[in-house]
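Atoms within each ligand, like the ligands themselves, are counted from 1 in listed order. Index from 1, following the sequence.
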Amino acid sequence: MKILVISDIHANLLALEAVLCDAGSFNAVWFLGDLVGYGPDPNECIALVRELPNLTCLLGNHDAAVLGMIDSDAFNAEARLSVEWTRKRITPDNAHFLQSCVPKMSVQGVTLAHGSPRTPIWEYLLDTNTAAVNFAHFEDDFCFVGHTHVPVIFEAPSGPYAFTAGLIIPQPNNTHQLQPRMIVNPGSVGQPRDRDPRAAYALFDPNALTWEYHRVAYDVSSVQQHMRDLGLPERHALRLSAGW
Ligand code: ZN
């Protein structure tokens, strides 16, 4: 049993296709939110994700902003521009699909949340202190999150006086044995922010409790050109090659 765990596609179709091709066969897909925003292919990405087998799809902050469910004033100027660009182009059927998604749920004994189990739409789990307090906000053995675009594994604080989570930086092509309890982030498909521009994904085996973490290269420059042709913010195009 293999579950493809992916997050933050951000309308980057070439990155998504590269991940699906590289991942080989899998039985189910858990997508942790932010299908749209930043990238040039929102409708194409939603159409492709909707067809994936046994899909669980979360709602991210960019998805919610495009739907008008949260105020896009909370975004910086360029991200807001991208939200408004996407809102004008998304088909009613695809918007309806996103509306059916929620930012946090429990599936097969794993909590899935876009940002964090405590504040699923907005909170970034970027450090071991913030991760530590979030262990009180889910009951399953594991919580899988996205949102930061940085692959990481946080271990529950050990001992009664510990106040920081343990930190594991997964290495590409490594298989990590998960132990209860952990918060795990597969990184971002469509806009990595760990200075590695390659698309990130993981394969989770819920029986063996293994987390296979991978990166795959894709044609970044052609996505950048597509974004420029469409008049999307230059900074978002540059981020793709910087991996930041
Ligand atoms: Zn995101």
Side-chain angles (χ1 to χ4, degrees), residues 4-16 18-19 29-42 44-46 48-49 56-87 90 94 98 101-105 112-127 130-131 134 143-152 183-202 215 218 220 223 227 232-233 235-244:
L4 175 66
V5 185
I6 49 176
S7 193
D8 296 278
I9 292 167
H10 283 294
N12 188 336
L13 183 65
L14 291 192
L16 175 60
V19 163
V29 179
W30 294 353
F31 172 62
L32 305 175
D34 276 358
L35 241 170
V36 301
Y38 299 128
D41 297 310
E44 292 79 357
C45 285
I46 298 172
L48 185 50
V49 164
T56 298
C57 183
L58 293 191
L59 183 81
N61 55 314
H62 288 256
D63 306 321
V66 165
L67 296 172
M69 295 165 81
I70 58 173
D71 198 344
S72 58
D73 286 351
F75 289 70
N76 68 45
E78 283 160 324
R80 193 160 60 239
L81 212 132
S82 175
V83 162
E84 282 155 12
W85 182 92
T86 306
R87 192 181 289 150
I90 194 166
N94 281 338
L98 288 182
C101 303
V102 294
K104 178 183 173 182
M105 65 193 297
L112 309 180
H114 177 60
S116 77
R118 177 170 66 172
T119 313
I121 281 275
W122 286 115
E123 187 172 35
Y124 291 89
L125 294 187
L126 282 163
D127 64 86
T130 315
N134 266 278
C143 177
F144 295 169
V145 298
H147 194 43
T148 63
H149 302 201
V150 177
V152 68
I183 297 174
V184 191
N185 189 325
S188 167
V189 172
Q191 196 203 71
R193 293 181 191 161
D194 60 348
R195 305 203 182 271
D196 180 346
R198 296 176 298 168
Y201 69 94
R215 301 300 282 260
Y218 68 97
V220 172
V223 179
M227 291 172 75
L232 285 161
R235 198 171 74 89
H236 296 161
L238 291 173
R239 289 185 88 161
L240 296 182
S241 43
W244 186 245

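Using a 30° and 60° split on the angle between ring planes, F75 and H62 fall in the perpendicular class, above 60°.
Side-chain contact between R215 and P192: present, with at least one pair of heavy atoms (C-beta onward) separated by less than 4.5 Å. Looking at H236 and L81, their side chains never come closer than 4.5 Å, going by heavy atoms from C-beta outward.
For D8 and R193, the salt-bridge test fails: no basic side-chain N is under 4.0 Å from an acidic carboxylate O.
Side-chain N or O atoms of R87 include one that pairs as donor or acceptor with a backbone N or O of V66 at under 3.5 Å. Without hydrogens or angle criteria, H114 side chain to L32 main chain gives a donor-acceptor distance under 3.5 Å.
For the Zn ion (ligand 1), the neighbouring protein N/O/S atoms at less than 2.8 Å, given as residue and atom, are D8 OD1, H10 NE2, D34 OD2, H149 NE2.
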